[in-house]
Amino acid sequence: MTALTGSVVLITGAGGMKGIGRAVAIELAKAGADVALSDVDRGGDIPPGEIQAGWRGIESVAEEVRALGRRAACFTCDLADRAAIVRLAESVARTFGRIDILVNNARAIIGRDRVAVTDLQEEVWDRFLSLNTTAPFLLIKAVARQMIAAGQGGRIVNIGSDMSKQAGKFGAAYAASKFALIGLTQGAALDLAEHGITVNAVCPGPVNSDRVSYAERALAAAEGLPVETIRARVVAEAAKQVPLGRIAESEDVAHLVAFLAGPNASFITGQAYNVNGGTIFH
Ligand SMILES: NC(=O)c1ccc[n+]([C@@H]2O[C@H](COP(=O)([O-])OP(=O)(O)OC[C@H]3O[C@@H](n4cnc5c(N)ncnc54)[C@H](O)[C@@H]3O)[C@@H](O)[C@H]2O)c1
């Protein structure tokens, strides 16, 4: 028996080969959880490294989870579709019989938001709020209702950002959506405490996740360089700002998520913990 044996976790945005969602899936499966993996049909929004590796998103993560001896199932869901979010929670419960842990990890693809607030398009603003804030709210609502009905408590972990606490230039939409996620975390923690459901946030600084960025793609096209070269430059520059000398790996984030999802975190709720190598302290 391990800490999460018999538990079921639902993770959104779980298909990236170097993503936080995959790292969380592996970490929780190692702790004994069965895993419901969700992602949007990513179409062309796939990092070059995944194409080269023949990576198949959540299907590939599911194979890894099964290799660890746990059950895994895949649920394609566009979190911009509110009705689909409700169906996702129902489908996972139908497949596994329960949901004990929810990890809200997906987010809007960055890039089009990286402009001054005066140039920020309303559609981009709406998309960031929709995917980064409203989708976690709707999933918490649907999943917490199931948890309450099951009467076994539960764990919810929202993946925030350093931008949940300190906005950056050209980051108004992302910061607003991620600040709001902290408000959601605190409010939901208070509402769900009496049911033994904890709600916390994990706030990474830059992560070496190979996340798709339309801004990095545009820069690569403008400079005639491969996206990987631009990405490596961004990672190296970001590392210089971090007291511990590197940016986070997805596993650094997953370790804290696993702790918050585990039995030793039963008295922690409404908190927002940083995983940033020492860049900000609040
Ligand atoms: N990478 C970083 O530097 C960094 C830093 C701080 C916080 N974070 C946070 O960590 C989390 C994971 O980020 P990441 O870098 O591992 O992955 P990522 O940026 O590649 O995106 C996460 C996932 O969201 C999914 N997604 C995009 N649009 C979707 C939609 N419409 N419906 C459903 N899913 C959709 C993507 O397919 C992807 O699997 C995010 O919440 C992000 O804000 C990341």
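Order of appearance sets the numbers: ligands from 1, and atoms from 1 within every ligand. Because the structure is predicted, anything quoted here is derived from the model rather than measured. In this chain, residues are counted from 1 in sequence order.
- Protein heavy atom at the shortest distance from atom 32 (N) of ligand 1 is L79 N, 2.9 Å.
- The closest approach between G57 and ligand 1 stays at or above 4.0 Å for every heavy atom of the residue.
- Of the protein's non-hydrogen atoms, the one nearest atom 23 (C) of ligand 1 is G13 CA, 3.5 Å.
- The option from C77, A135, S213 that lies nearest to atom 33 (C) of ligand 1, judged by heavy atoms, is C77.
- Taking every non-hydrogen atom of G19 and a distance limit under 4.0 Å, the qualifying atoms of ligand 1 come out as 16 (O).
- Of all the atoms in ligand 1, the ones that sit under 4.0 Å from a non-hydrogen atom of R127 are 31 (N).
- Under a 4.0 Å criterion applied to the non-hydrogen atoms of R211, ligand 1 contributes the atoms 1 (N), 3 (O), 15 (O), 18 (P), 19 (O), 20 (O).
- Nearest heavy atom pair, residue V65 against residue R71, reads CG1-O, 3.7 Å.
- Ligand 1 is approached by G160 to a heavy-atom distance shorter than 4.0 Å.
- Near G205, with a cut-off below 4.0 Å to any heavy atom, the atoms of ligand 1 are 5 (C), 6 (C).
- Heavy atoms of P206 come nearer than 4.0 angstrom to ligand 1 in at least one pair.
- Any N or O atom pair closer than 3.5 Å counts here, and S209 shares at least one such pair with ligand 1.
- Atom 41 (O) of ligand 1 has its closest protein heavy atom at N105 O, 2.7 Å.
- Ranking the protein heavy atoms by distance from atom 25 (C) of ligand 1 puts D39 OD1, 3.3 Å first.
- The 12-atom threshold is exceeded at CG of D119, counting heavy atoms of other residues, nucleotides or ligands nearer than 6.0 Å.
- At a cut-off of 3.5 Å, with distance as the only test, a side-chain donor of T5 or T2 sits close to an acceptor on the other residue.
- Among all protein heavy atoms, the one lying closest to atom 27 (C) of ligand 1 is R107 O, 3.1 Å.
- In this structure, atom 3 (O) of ligand 1 lies nearest to the protein heavy atom V207 N, 2.8 Å.
- In this structure, P47 has no heavy atom closer than 4.0 Å to ligand 1.
- Side chains of T12 and N105: no donor on one and acceptor on the other come within 3.5 Å.
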>> Determine whether R233 and E223 satisfy the following criterion, salt bridge (charged side-chain N to carboxylate O under 4.0 Å, His left out), listing intermediate values before the conclusion.
In response: CA-CA 13 Å; R233 198 165 77 196; E223 295 191 22; 2.9 Å; yes
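- Contact annotation: P204 has at least one heavy atom less than 4.0 Å from an atom of ligand 1.
- Among the atoms of I20, some N or O lies under 3.5 angstrom from an N or O of ligand 1.
- In this structure, R112 is positioned above the aromatic face of Y214, its NZ or CZ under 6.0 Å from the six-membered ring centre and within 45° of the axis.
- Every atom of ligand 1 with a heavy atom of L131 under 4.0 Å away is listed here by number and element: 30 (C), 31 (N).
- Contact annotation for F128 and ligand 1: no heavy atom of the residue comes within less than 4.0 Å of the ligand.
- Note on ligand 1: K178 sits in its first shell, one or more heavy atoms being nearer than 4.0 Å.
- For the salt bridge (Lys or Arg N to Asp or Glu O under 4.0 Å) test with E50, the passing option among R42, K18, R56 is R42; the others fail.
- Across every non-hydrogen atom of L256 and V275, the tightest pair is CD2-CG2, 3.6 Å.
- On a distance-only criterion, G21 and ligand 1 share no N/O pair closer than 3.5 Å.
- With V103 as the partner, the side chain to side chain contact (heavy atoms under 4.5 Å, CB included) test is satisfied by one option alone out of V9, L10, L139, V202: V9.
- For the pair H282/N274, no side-chain contact is recorded, criterion being any heavy-atom separation below 4.5 Å from C-beta on.
- Taking a 4.0 Å cut-off on heavy atoms, I159 registers as neighbouring ligand 1.
- Which parts of ligand 1 touch R42 is read off a 4.0 Å heavy-atom cut-off, strictly below it: atoms 37 (O).
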>> Determine whether R217 and D45 satisfy the following criterion, salt bridge (charged side-chain N to carboxylate O under 4.0 Å, His left out), listing intermediate values before the conclusion.
In response: CA-CA 10 Å; R217 269 190 199 169; D45 291 325; 3.4 Å; yes
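- Checked by atom type, the side-chain pair Q271/N200 shows no donor-acceptor distance below 3.5 Å.
- Among protein heavy atoms, atom 35 (C) of ligand 1 sits closest to V40 CG1, 3.6 Å.
- How far CD1 of I101 is from CZ of R98: 9.5 Å, rounded to the nearest 0.5 Å.
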> Could you walk me through whether D162 and N276 pass the side chain to side chain donor-acceptor pair (under 3.5 Å) check?
Replying inline: CA-CA 8 Å; D162 49 0; N276 61 24; over 6 Å; no
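- In this structure, L260 CG and I268 CD1 are separated by 6.0 Å, a value rounded to the nearest 0.5 Å.
- Ring geometry for F128 against Y174 counts as perpendicular: the plane angle is over 60°, on a 0 to 90° scale with 30° as the lower cut.
- Remark: minimum distance from atom 8 (N) of ligand 1 to any protein heavy atom is reached at Y174 OH, 3.8 Å.
- Every atom of ligand 1 with a heavy atom of D78 under 4.0 Å away is listed here by number and element: 30 (C), 31 (N), 32 (N).
- Geometrically, ligand 1 and D162 share no nitrogen or oxygen pair separated by less than 3.5 Å.
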